[in-house]
Structures are given as C-alpha cells and as structure tokens.
Amino acid sequence: DCQVRPCNSIKAMHELFAAMDITADTAWHLFRLLDDDSKDHRIYLDRFVEGCLRLQGAARSTDIHMLMYESRWTLKKVDEIFNSLEDLLKSPPQLSTLPEVSDTSNMKL
C-alpha cells in the first residue's frame, strides 16, 4: 500500500503543492478532509491524489447538490433527535411505569 510519507523538507512540500496550484492553507484543509477515518493519521496515495485533483477545478453542480442534500438530511436527523429529547423532557416517565424492585437487601451501592 502506497502512503503519503512525511516530507523531510518544508521546501520540498511547498514545491509539491505549488506545482499542483495548492496553497499551504488549502493543503492543510485537504489533509483534514482526507483523514476522516484514519486513526493513525495516514493518507493513502490514491486518496491524496484524488483529493488534489478534485481541488484543481471548480466545484461541479453534482458536488454542490450532493453537499446540499447531505446537509438537509443531517439537519432533518438532528431535528428529529431534538424533538424526541424535547418530548422526553416534557413527559418524564411516571413512577407507576418504572419497574418494581421487590427485594432491595442484596443491592449494593
């Protein structure tokens, strides 16, 4: 598996990104975006190259629409969770609905 290895030279890293028309700030954001599921903070070369290539052009309409869809879906789910929590807080469970404890002599704190 090819991985992007740490660069020994800051100058070489700047030259690499300059050749791809990527600023240092954009490169940092790119690494953060690409490292979403890695616990060891390694980015495989194919994923890195794909991310760099996507940054070179303007966003396509499908990219924008996909982001808008995912944003709406996430907001809907957050709203559903919020409403469920709000309902729970409005009507806490009644004592009569809680399970009964018949023998408390064996209970430890």
Side-chain angles (χ1 to χ4, degrees):
D1 289 335
C2 289
Q3 296 177 359
V4 175
R5 301 269 186 236
C7 188
N8 293 333
S9 164
I10 299 291
K11 182 180 178 190
M13 193 61 121
H14 282 280
E15 290 171 0
L16 172 68
F17 287 126
M20 293 187 290
D21 252 355
I22 297 174
T23 67
D25 287 342
T26 304
W28 171 244
H29 292 297
L30 174 63
F31 276 106
R32 285 187 14 211
L33 289 171
L34 297 177
D35 190 35
D36 61 350
D37 61 354
S38 172
K39 291 183 179 30
D40 60 0
H41 303 293
R42 292 181 185 203
I43 300 170
Y44 290 95
L45 185 59
D46 58 341
R47 191 166 182 184
F48 175 76
V49 171
E50 179 185 322
C52 289
L53 292 175
R54 284 184 145 275
L55 281 179
Q56 284 185 333
R60 296 180 305 211
S61 178
T62 54
D63 294 331
I64 300 299
H65 285 283
M66 182 56 99
L67 286 172
M68 290 169 52
Y69 168 80
E70 290 173 351
S71 179
R72 282 191 307 269
W73 183 88
T74 301
L75 287 172
K76 181 181 174 187
K77 291 298 176 185
V78 168
D79 194 44
E80 289 173 7
I81 292 169
F82 179 77
N83 288 334
S84 295
L85 287 173
E86 195 173 53
D87 290 344
L88 282 172
L89 291 173
K90 285 181 182 175
S91 58
Q94 302 296 321
L95 290 177
S96 61
T97 62
L98 294 176
E100 290 186 29
V101 179
S102 58
D103 184 12
T104 59
S105 62
N106 293 331
M107 293 181 72
K108 296 180 182 178
L109 298 176

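Quick note: residue numbers are just sequence positions, from 1. Only this structure's heavy atoms are used, side chains among them; waters, hydrogens and symmetry mates stay out. Everything numeric in this text was worked out from a predicted model, so none of it was measured.
- In this structure a side-chain-to-backbone donor-acceptor pair under 3.5 Å is missing from Asp79 to Leu75.
- Every residue two or more places apart in sequence or in another chain that forms a salt bridge (charged side-chain N to carboxylate O under 4.0 Å, His left out) with Lys77 is listed here: Glu80.
- Of the possible polar contacts, none joining the Ser71 side chain to the Leu67 backbone as a donor-acceptor pair under 3.5 Å is found.
- Under the 4.5 angstrom side-chain criterion for Ile, Leu, Val, Met, Phe, Trp and Tyr, the cluster partners of Met66 are Tyr69, Trp73.
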